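The structure presented is a predicted model; accordingly, all values stated were derived computationally and were not measured.
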Amino acid sequence: MENKNIAKGVLLVALGASAYGMLATFVKLAYKEGFTTAEVTTSQFVIGLVGLLIINFFNRKKLQPLKKGDLSKLLIFGSSMGFTSLFYYLSVQYINVSIGIVLLMQSVWISILIESILEKQFPSARKIIATLIVLLGTLLATNTFYQSIELDIRGVFWGFSAACSFATTMYVSNRIATYLPNTQKSLYMLSGGGIIVGLFLIFSQIGPYYSDSFKAIYLTFSDNQAGIKAFDWSIFWKYGLLLSLFGTILPPLLLTAGFPHTGLGLGSIVSSLELPVSVMFAFFLLNEQVKFIQWIGILLILFAVFYMNMNSLKSMKKSS
């Protein structure tokens, strides 16, 4: 029975991670049709919030009252979800999806750094070695040594920013309001992210389009005038449903359902499937070329995740 539960957990986590891995390819396809980052993220978060509201309505008997101060914490830290989507989607405007996901995976060692600083504890030798392996894998996966792939510094900056934001989300999501059901907690955190996305929509598209003063302010920060246009509502039925389903609804539900069966160690390893899935989707749907040296780098990053969680796997094996 125990093995069946673990297998079920692995399947759920794998599906959740794979869903995340598909996102950037859908975003890239939306960009090719002329949609903006603001339109893509807005449609994803709006439909995602509606979906979670419906799910919470049917699960209302399981909802828990919020403790004092937790709502503000969830909204504030949930803003990192909005930043992660914005930064990640901005990065793939300038670089390949395969490079963008590698940069996002830097959250592996960034989360170690955040944990060490906040916990005031030096990371273990295993975590340090895993970090070095991730960094080496990143150099190979981005083809840094050969420079045959052009890396736009803007894409690298936004990709790394997404990794920092994602690491923050991972760290705080397991430490704030842990008594809440996942769907209820996800709704509050997604609301915080939605506020950030809404502000970005106003600042980067709606405001500059309808106000010359706003446009002048915006152009001091960005030279992207193509995004200054009326909001294209067709994004909601063309890509919004896909993005919200695979980005804000299914993954949290699948991962939360699977992790209790797999444990954190095995779950973390399985969830790293997001990396190869994202690269494969970009390869087949976007015709992005991935060189052999890049695959070596990707395998190194996956190995680092496995190596970092070996102790958790051993503990789980002993307990079973």
Side-chain angles (χ1 to χ4, degrees), residues 23-54 71-72 74-95 97 100 104 152-162 164-166 168-169 186-249 286:
L23 273 181
T25 296
F26 295 145
V27 171
K28 203 83 167 181
L29 291 172
Y31 285 161
K32 288 184 176 181
E33 292 192 29
F35 294 110
T36 66
T37 301
E39 290 167 345
V40 167
T41 51
T42 298
S43 65
Q44 177 182 335
F45 274 72
V46 169
I47 297 178
L49 283 168
V50 171
L52 284 173
L53 278 170
I54 294 172
L71 177 59
S72 59
L74 288 169
L75 291 174
I76 291 170
F77 288 113
S79 65
S80 62
M81 295 179 69
F83 282 122
T84 300
S85 294
L86 284 174
F87 295 157
Y88 187 36
Y89 296 168
L90 283 170
S91 74
V92 297
Q93 275 189 330
Y94 305 106
I95 57 178
V97 168
L104 185 64
D152 191 311
I153 190 63
R154 293 171 295 181
V156 174
F157 171 78
W158 290 123
F160 186 74
S161 297
C164 293
S165 184
F166 187 52
T168 303
T169 302
S186 295
L187 177 62
Y188 293 132
M189 292 188 70
L190 194 64
S191 298
I195 293 171
I196 299 300
V197 169
L199 291 173
F200 179 78
L201 172 65
I202 294 170
F203 176 76
S204 68
Q205 186 168 338
I206 301 300
Y209 179 71
Y210 289 104
S211 168
D212 290 335
S213 299
F214 218 122
K215 182 177 181 180
I217 296 172
Y218 171 71
L219 291 178
T220 61
F221 295 94
S222 174
D223 59 355
N224 180 24
Q225 296 196 46
I228 302 176
K229 63 186 185 71
F231 190 89
D232 189 343
W233 294 96
S234 67
I235 183 65
F236 279 94
W237 54 86
K238 285 188 176 181
Y239 289 99
L241 186 59
L242 277 175
L243 292 169
S244 60
L245 191 63
F246 290 103
T248 54
I249 298 176
L286 301 175

Report the C-alpha separation of Y239 and V40 in whole Å, then their side-chain angles, then the decisive distance to 0.1 Å, and conclude whether the side chain to side chain contact (heavy atoms under 4.5 Å, CB included) test is met.
-> CA-CA 8 Å; Y239 289 99; V40 167; over 6 Å; no
Would you find a donor on one side and an acceptor on the other, under 3.5 Å apart, between the side chain of T84 and the backbone of S80?
-> yes
Under 3.5 Å, side chain of Y188 to main-chain N/O of G78, donor-acceptor pair present?
-> no
Closest approach of Q205 to A38 (non-hydrogen atoms, all atoms of both residues) | OE1-CB, 3.5 Å
If you round to the nearest 0.5 Å, how far is OG of S43 from CH2 of W237?
-> 11.0 Å
Correct closest heavy-atom pair for L286 and T25 would be CG-CG2, 4.0 Å
Minimal non-hydrogen separation, Y218 against S204, with atom names = CE1-CA, 3.6 Å
Can you tell me if S85 uses its side chain to pair, donor with acceptor, with the backbone of G82 under 3.5 Å?
-> no
Which is it for F83 and T169 under the side chain to side chain contact (heavy atoms under 4.5 Å, CB included) test, yes or no, and what are the steps along the way?
-> CA-CA 10 Å; F83 282 122; T169 302; over 6 Å; no
Starting at OG1 of T36, measure out to CD1 of I235 and round the result to the nearest 0.5 Å.
-> 8.0 Å
Can you check whether G192's main-chain N or O pairs, donor with acceptor, with S79's side chain at less than 3.5 Å?
-> no
What pair of heavy atoms forms the shortest contact from G48 to L190, and how long is it?
-> C-CD2, 3.7 Å
Out of curiosity, I206 CD1 to K229 NZ, how far, rounded to the nearest 0.5 Å?
-> 9.0 Å
Quick one: does S91's side chain have a donor or acceptor within less than 3.5 Å of a partner on Y88's backbone?
-> yes
I76 side, atom CD1; L71 side, atom CG - distance, nearest 0.5 Å = 9.5 Å
Any side-chain heavy-atom pair of F214 and F203 under 4.5 Å = yes
Look at the aromatic rings of W158 and F87 and report parallel, tilted or perpendicular, splitting at 30° and 60°.
-> parallel
Check step by step if side chain to side chain contact (heavy atoms under 4.5 Å, CB included) holds for Y94 and F157.
-> CA-CA 10 Å; Y94 305 106; F157 171 78; over 6 Å; no
From the list T37, T41, V46, side-chain contact (heavy atoms from CB on, under 4.5 Å) with V197 holds only for T41
Determine yes or no for a side-chain-to-main-chain donor-acceptor pair under 3.5 angstrom, with S211 supplying the side chain and P208 the backbone.
-> no
Considering all heavy atoms of both residues, which atom of L75 and which atom of S191 are nearest to each other, and what is their separation?
-> CD2-CB, 3.8 Å
Specify whether F231 and F236 have parallel, tilted or perpendicular ring planes, treating 30° as the upper limit for parallel and 60° as the lower limit for perpendicular.
-> tilted
Which heavy atom in V97 sits nearest to a heavy atom in A24, and how many Å separate them?
-> CG1-CB, 3.6 Å
Judged by atom type as modelled, is there a donor-acceptor pair below 3.5 Å linking the side chain of T248 to the main-chain atoms of F45?
-> no
To the nearest 0.5 angstrom, please state how far the OG atom of S161 sits from the CG atom of L104.
-> 11.5 Å
Is any side-chain N of the basic residue among K238 and E39 closer than 4.0 Å to the acidic one's carboxylate O?
-> no
Nearest-0.5 Å distance that lies between atom CD in Q44 and atom CG in L241 = 11.5 Å
